Colleague: 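Quick one: the structure is below, questions incoming.
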Amino acid sequence: MNILGIETSCDETAAAVVVDGTKLLTNVVASSQEMHAKFGGIIPEKAAREQLKSIIPVITEAMGNHQIDALAVTYGPGLIGSLLVGVETAKALAFAWNKPLIPVNHLIGHIYANWLDGKTPQFPALVLLVSGGHTELILMANHGKFKYLGGTRDDAAGECFDKCGRLLNLPYPYGPYIEKLSEEFDPQNKLGISFPRPMLNDKNLEFSFSGLKTAFLNEYTKINDKTRENELAYALQEAVTDVLTEKTARAILKYRPVSLLVAGGVSANKKLREKLNAMVQSRFPNLRLFIPPISLCTDNASYIASAAFFNYHEVPWEKVNADPSLQIR
Ligand code: KG4
Ligand code: ZN
């Protein structure tokens, strides 16, 4: 079955055609990042206006000469103006082409990037979902069977990277630049910047990253030295990735899954990938770890089409509506 996925929840306009939820035929992403870089962040109305311009060209490119059996679209969570562009376009196409339409939760979508890499994760699976707005641990008993185990009480890990990156006046998008700055730092030269590991010792599976942002701001103001920004970035990345890795280990101990699936934009971070890999190898050698290829971690439509295939649930197009605050819980 060929599914056309459409994704416009944040600043990207994306479309992809995927066969049987696993084989990528096309994957097109247009981003208005350059425009947002000028303003130091996303301006929702500007993002939606750009998406209106690019949605049809992006879908046309993704479709090529492929035939499709159904359409899938992200209906939340995200920016309302952006979601509406994708949802209303998908509804119009489903009506015009007389094809089924499957609405997909963006967060669940991210998880399915793990099925697009020629692999088939087994259940029960623990999911670490780390995107710009969400940091969550989820137990996946099967396709469509999700149990929320814990999440952030305030900022998400991605949001923490973004806010600290903005403070350093790094280029947008900030997360990848925090990573780049960290890589330029040689830990041998460490002069003593270290950040707290929030909630690391709490027994629950909750996170909190907003205090880390304040600690970063305080240290940044105290140091007031441009040449030490890479050490600041390094220390921040160490703290965030330590907490994510250790809390994930705690959830593995408690729920004993057979697979660990990592998903969301922050899973593109190489330090996080390394630490999760090392943790699994040393402490849970029988657990299978899945992390999508870096190109599929950040927002794109391939995983929306894949999630629709594995959770096939047609909804009459008249009943599909954007829901900006959709959750997994
Ligand atoms: O999943 P995503 O593309 O969009 C949302 O659904 O939010 O995630 C975007 C988040 C941003 O906070 C961005 O800074 C972060 O993922 N991110 C990274 C990296 N690439 C993207 N954070 C750290 N290291 C990266 N390489
Ligand atoms: Zn996302």
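As the structure is a prediction and not an experimental result, all values here were calculated from the model. Every number for a ligand or one of its atoms is a count from 1 in the order of the listing.
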Colleague: I need the nearest protein heavy-atom contact for atom 4 (O) of ligand 1: residue, atom name and distance, please.
Modeller: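 So the nearest neighbour among protein heavy atoms is D299 OD2, 3.1 Å.
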Colleague: So, is Y174 polar-close to ligand 1, with some N/O to N/O distance under 3.5 Å?
Modeller: no
Colleague: Do the side-chain N and O atoms of Y172 and D11 include a donor-acceptor pair separated by under 3.5 angstrom?
Modeller: yes
Colleague: So which heavy atom in the protein is nearest atom 15 (C) of ligand 1, and how far is it from that ligand atom?
Modeller: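 For atom 15 (C) of ligand 1, the nearest protein heavy atom is V266 CG2, 3.9 Å.
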Colleague: Determine whether the aromatic ring centres of Y312 and F310 lie less than 6.0 Å apart.
Modeller: no
Colleague: Give a yes/no on ligand 1: does H110 have at least one heavy atom closer than 4.0 angstrom to it?
Modeller: yes
Colleague: Which heavy atom of the protein is the closest neighbour of atom 20 (N) of ligand 1, given with residue, atom name and distance?
Modeller: G265 O, 3.4 Å
Colleague: Give me the nearest non-hydrogen protein atom to atom 23 (C) of ligand 1 as residue plus atom name, then the distance to 0.1 Å.
Modeller: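 Of the protein heavy atoms, N269 ND2, 3.5 Å lies nearest.
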Colleague: With heavy-atom distances below 4.0 Å as the criterion, list the atoms of ligand 1 near H106.
Modeller: 6 (O)
Colleague: Could you check T89, V85, T13, T8 and say which one makes a side-chain contact (heavy atoms from CB on, under 4.5 Å) with L52?
Modeller: V85
Colleague: What's the shortest distance from atom 26 (N) of ligand 1 to any protein heavy atom, and which residue and atom give it?
Modeller: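 So the nearest neighbour among protein heavy atoms is E179 OE1, 2.7 Å.
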Colleague: Looking at D299, pick out the N, O or S atom nearest to the Zn ion (ligand 2) and give its name.
Modeller: OD1
Colleague: Which of the numbered atoms in ligand 1 are under 4.0 angstrom from any heavy atom belonging to F161?
Modeller: 22 (N), 23 (C)
Colleague: Out of P77, G132, C10, who is nearest to atom 10 (C) of ligand 1 when you count heavy atoms only?
Modeller: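 Nearest heavy atom to atom 10 (C) of ligand 1 lies in G132.
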Colleague: Against heavy atoms of G133, which atoms of ligand 1 measure under 4.0 Å?
Modeller: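 Those of ligand 1 that fall under 4.0 Å from G133 are 7 (O).
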Colleague: Below 2.8 Å, any N, O or S contact between C10 and the Zn ion (ligand 2)?
Modeller: no
Colleague: Give a yes or no answer on whether the side chain of D69 reaches the backbone of N2 with a donor-acceptor pair at less than 3.5 Å.
Modeller: yes
Colleague: Does H134 approach ligand 1 within less than 4.0 angstrom via side chain, backbone, both or neither, non-hydrogen atoms only?
Modeller: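 No part of H134 comes within reach of ligand 1.
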Colleague: Are T74 and E7 close enough that a side-chain donor and a side-chain acceptor fall under 3.5 Å?
Modeller: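 Short answer, yes.
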Colleague: Verify the distance criterion only: is there a donor paired with an acceptor across the side chains of N300 and S302 at less than 3.5 Å?
Modeller: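 A donor-acceptor contact under 3.5 Å links the two side chains.
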Colleague: With respect to atom 22 (N) of ligand 1, which of G165, S9, G175 exhibits the smallest heavy-atom separation?
Modeller: G175
Colleague: I'd like to check which ligand 1 atoms, numbered from 1 as shown, lie under 4.0 Å from a non-hydrogen atom of D162.
Modeller: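 Ligand 1 atoms under the 4.0 Å threshold to D162: 11 (C), 12 (O), 13 (C), 14 (O).
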Colleague: Is the distance from the ring center of H143 to that of Y112 below 6.0 Å?
Modeller: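 Distance test on ring centres: under 6.0 Å, yes.
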Colleague: My understanding is that only one of T245, D242, T248 makes a side-chain hydrogen bond (donor to acceptor under 3.5 Å, both in side chains) with K275; could you say which?
Modeller: D242
Colleague: So, are E274 and K271 salt-bridged, with charged N and O less than 4.0 Å apart?
Modeller: no
Colleague: Parallel, tilted or perpendicular, judged at 30° and 60°: which one describes the rings of F209 and F207?
Modeller: parallel
Colleague: Let me know which of W97, Y75, F95 forms a ring-ring contact (aromatic ring centres under 6.0 Å, His included) with W317.
Modeller: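 Answer after filtering W97, Y75, F95: F95.
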Colleague: Is ligand 1 less than 4.0 angstrom away from at least one heavy atom of P176?
Modeller: yes
Colleague: Looking at E183, is its backbone amide N or carbonyl O close enough to the side chain of N230 to form a donor-acceptor pair, meaning the two atoms are under 3.5 Å apart?
Modeller: no
Colleague: Indicate, as side chain, backbone, both or neither, the part of K270 found under 4.0 angstrom from ligand 1 when only non-hydrogen atoms are considered.
Modeller: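 It is neither; nothing of K270 touches ligand 1.
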Colleague: Counting from 1, what ligand 1 atoms have a heavy atom of T298 closer than 4.0 Å?
Modeller: 3 (O), 21 (C)
Colleague: Output the atom name for the N/O/S atom of H106 with the smallest distance to the Zn ion (ligand 2).
Modeller: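 Going by distance to the Zn ion (ligand 2), the closest N, O or S atom in H106 is NE2.
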Colleague: Check whether more than 12 heavy atoms from other residues, nucleotides or ligands sit under 6.0 Å from atom CG of N142, and answer yes or no.
Modeller: yes
Colleague: Any nitrogen or oxygen of G158, side chain or backbone, less than 3.5 Å from one on ligand 1?
Modeller: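 For ligand 1, there is an N or O atom that lies under 3.5 Å from one belonging to G158.
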